[in-house]
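Please read the structure below before turning to the comments.
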Amino acid sequence: VGTEQTRTGQRTGPVRGPVASEASGRRDHTPPGGLGLGGSLSGAPREASAGRTSDAGEYLTAAAIVALGGLFWIGAADYSEAARRWPTFLSSVVVVLGVVNLVALLYRRRIARAPAAEGGSAADQDADVAQPSELRAGQRRQVATGLFCIGYAVLGYGAGFLVATAVLLPLYILLAFRRRRPLLAALVTVALLLFMHLVFGGALNAPLHRGVWVGVDLSWLPF
Amino acid sequence: VNELWTAMGFLLEPGTLLLAVIGFLVGGVGGAIPGIGAPLTLALMVPFTLGLEPAGALVLLIGAYSGSAYAGSIPSILINTPGTPSSAAAALDGYPLARQGQATMAISVSATASALGSLLGGIFLILALPVLVLVVLKFGSVEFLMLAVVGLITIALASSGSMRKGILAGAVGALLGAIGSTNVAPAIRFNMGFIELSPGIAVVPAFIGVFAVAEMLRLAGESNVPKQHLKAAGSRLRGVQETLKHWVIVIRSSIIGIVCGIVPGEGGTVGSFLSYLDAKRSSSEPERYGQGHPGGIVAVEASNNSVISGALVPTLAFGIPGNATTAILLGALLLQGVQPGPEMLGDDIGITYVIIGAILIGALLSFVLGVSLAGSFSAVTQVPNQVLIPAVLAVSLTAAYVAHFNFFDVIVAVVFGAIGFALIKYGYSIIAFVMGLLLGPLAETNLYRTYLLGDGDVLGQILGRPIAVAIGLLGILLLAQPLLGPVIARARTRRREQAVTR
């Protein structure tokens, strides 16, 4: 566990991995991003390669939490006293703590900006702009992954999970990463389709959703 | 004693052992597939037990339960995607270990701890069943409320990085747990017009979202991480040694697992998270937890598997299932013409011994099969992200549907994936969020009941119940420990320094 990065105010918890190690003047061999949920356990965000935490995103998340609490607080008023007591209490906690959190974030940013306005350290500035193309590529992959999830849900609903897998899996493998591997895409798609059909539909006797737009009849399959 | 020997003789028959192995392997497959888990696997197996004798059917089903409890941690360790909700906490240290090239060791730790947890649970069941029945009878709403409160206190403890963000994440989780119908009033709250949200947020798809989808989103943003070679994937023997080295954690976590299993509704998920936090808190190197500490896996797995024995106490003694899986076991018992209740400790004690024996066989299988297959399982870590991410997402989202055959659950998984990703990215505790989601409804229901029982005097109700007071004191101790810990440590250091100076 290393030190907090305070210059940009982008990291709010202890930082781990190589970035943390370098900041604390030592090196360890924790692989980048290889921290699983551990980072979240301690409230620590992932390291830089996971996509640089943007101030806007952090404020937006903190504001969204306050808004969520507020909406639940307003919504709770519609219910009977017994039904609204608990959500009113919880939403009040969320709103109050959420506002405190938002103020703390803004305050921290102000403190962090002060030295930067006075010049800051060149090393810090260099670290911030390091490998922008890789960061952009990572963000692109995250957007592609988000689109894959949404597309899978939509296509899965409309055409069934097997069709969604057959269409989206090769598309993702071919388009989301720089290295194009058509053979790998084909092999993985076929293997996963077989796995899903045999395990879910076969061994576990759990029929898969076939879609409301088109029904894919697989009764002709020999297994 | 005669019944004990008869049960042992039956359990050692080749046919019975074969049933246990089949059950373990089928349960293992179900447990290892995210979203399937023990309840669904057992539910699918029950029809196949109708042609068997009651004892044989129970051996098959408990074998499956053990297999599922063990195998649920394999995807947690390898791809950070819990096979079952109760094995979610295994990812906290298992996944970092796998990423450090220690996947084989991590799975070996998991297998050994699972076996020891089951073993201790089985022994406990033999020794303590008659006494525990008396304790469980004394549990009412006040005690359940205090258990939920103690669980919520751990939220603050889970958030060692930023307590403010941890408590906030826990409160948001509990708030989302308030969606749907409630036991306190005839109302369906905050369902936004979606009839599917009326029973509340389904835990399985929510967990799939928070753990699997969010993790894949995070992984997609990573630069190309060099995959470790299999030869560097750790050692099975070291896994066994690491587990034995943490024998205190095994015992403590098994006790926590048994207690959580006994209390209906608390279940394995809460038990495994509580055990993890207990191990972290009592460790001399808590900062290593979450970065790949074997003790974290030991705690989760020992608890996760000892829960089986605990959950069987109310199931066998009162016919009250401790969790969803024991509810299915209860159904299977009734289908076989066995009536759970005090008779299970009297005339039907033979069946109880068979059940305990099946747990012990499950422990043996977890160790033998788990440790021997650890190397093969670790091959999953070699899969490139380009393949891993879409494959895990496709299987996880499909599994979210299969859990209840409800397409809305896929949307829940995607939405919770986005929530989980935001929490991870901006440093909010995922554990706190999950604990809030799980314990929020439990706390609300029992707070309301206690309020009604005491005619508004909740504190008076709590103080009038010794077990509730004891649980409350435990909560205070848990809360005080991180605050008093540094003070005590500083005083000790000062005393040591003074002694050296003299």
Side-chain angles (χ1 to χ4, degrees), chain A residues 1 12-14 30-38 40-46 49-51 53 58 61 65 72 75 79-80 82-83 86-87 90-91 93-94 97-98 101 134 138-139 141-142 145-146 148-149 152-153 156-157 161 165 169 172-173 177 188 192 196 200 204-206 208-209, chain B residues 36 44 80 91-92 95-96 99-100 158-162 164-168 171-172 174-175 178 182 184-185 187 189-190 213 216-218 220-223 225 287 290-291 386-387 389-391 393-394 397-398 401-402 407 410-411 414 417 422-431 444 448:
Chain A
V1 177
T12 53
T30 310
L35 303 165
L37 297 165
S40 53
L41 174 73
S42 60
R46 312 296 166 151
S49 65
T53 308
E58 185 154 24
T61 305
I65 289 172
F72 270 75
Y79 305 111
S80 66
W86 179 248
L90 283 175
S91 53
V93 171
V94 169
L97 267 179
N101 184 42
E134 181 50 48
Q139 285 164 351
R141 283 195 298 271
Q142 283 178 328
T145 308
F148 178 90
C149 292
Y152 199 83
Y157 177 74
F161 288 117
T165 306
L169 202 83
Y172 183 90
I173 294 175
F177 287 76
V188 171
L192 199 72
M196 285 168 68
F200 287 117
L204 293 168
N205 199 21
L208 294 178
H209 183 69
Chain B
I36 297 291
L44 294 168
N80 205 17
L92 298 171
Y95 185 58
R99 298 296 302 266
Q100 290 162 27
S159 321
S160 55
S162 166
R164 181 188 71 238
K165 284 186 168 180
I167 296 170
L168 195 53
V172 170
L175 197 56
T182 168
V184 306
R189 302 177 302 199
F190 313 112
V213 177
M216 290 303 116
L217 280 166
R218 186 197 69 77
E222 266 191 8
S223 54
V225 180
E287 70 286 349
Q291 294 189 45
Q386 198 169 3
V387 172
I389 293 169
L393 285 173
L397 293 176
T398 307
Y401 166 79
V402 170
F407 201 85
V410 179
I411 298 164
V414 173
L423 293 177
I424 291 169
K425 191 167 182 181
Y426 300 115
Y428 294 87
S429 168
I430 286 277
I431 293 189
E444 182 190 13
Y448 183 69

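Chain naming here is simple, since letters A, B, ... match the order of the sequence lines and numbering starts at 1 in each. Worth saying up front: this structure is predicted, and the values here are computed from it rather than measured.
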Could you measure the distance from the [atom1] atom of [X] to the [atom2] atom of [Y]? Nearest 0.5 Å is fine.
| X | Y | atom1 | atom2 | answer |
| --- | --- | --- | --- | --- |
| B:T182 | A:Y79 | OG1 | OH | 11.0 Å |
| A:Y152 | B:L393 | OH | CG | 9.5 Å |
| B:K425 | A:Q142 | NZ | CD | 5.5 Å |
| B:L397 | A:T165 | CG | OG1 | 9.5 Å |

Can any side-chain N or O of B:E444 pair as donor or acceptor with the backbone N or O of A:W86 at less than 3.5 Å?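 Not confirmed, B:E444 side chain does not pair with A:W86 backbone.
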Pairwise side-chain contact, A:I65 with B:Y428, heavy-atom cut-off 4.5 Å (strictly under):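 Side-chain contact under 4.5 Å: yes.
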Let me know if [X] has heavy atoms under 4.5 Å from chain B in its side chain, its backbone, both or neither.
| X | answer |
| --- | --- |
| A:L97 | both |
| A:S91 | both |
| A:V94 | both |
| A:Y157 | both |

What are the two closest non-hydrogen atoms of [X] and [Y], and how far apart are they?
| X | Y | answer |
| --- | --- | --- |
| A:E58 | B:Y426 | N-CE2, 3.4 Å |
| B:R189 | A:P87 | NH1-CD, 3.5 Å |
| B:P390 | A:I173 | CG-CG1, 4.0 Å |

Under 4.5 Å from any heavy atom of chain A, what part of [X] do you find: side chain, backbone, both or neither?
| X | answer |
| --- | --- |
| B:F190 | both |
| B:I411 | neither |
| B:V213 | side chain |

Dump the intermediate steps for side chain to side chain contact (heavy atoms under 4.5 Å, CB included) on B:I389 and A:F177, then the final yes or no. CA-CA 11 Å; B:I389 293 169; A:F177 287 76; 4.3 Å; yes
Parallel, tilted or perpendicular: which fits the ring planes of B:F407 and A:F161, with parallel below 30° and perpendicular above 60°?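 Rings of B:F407 and A:F161: parallel, as their planes differ by under 30°.
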Leading residue by heavy atom contact count with chain A [cutoff under 4.5 Å; candidates B:A391, B:G417, B:A178]: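 Answer, by heavy-atom pair count under 4.5 Å with chain A: B:A391.
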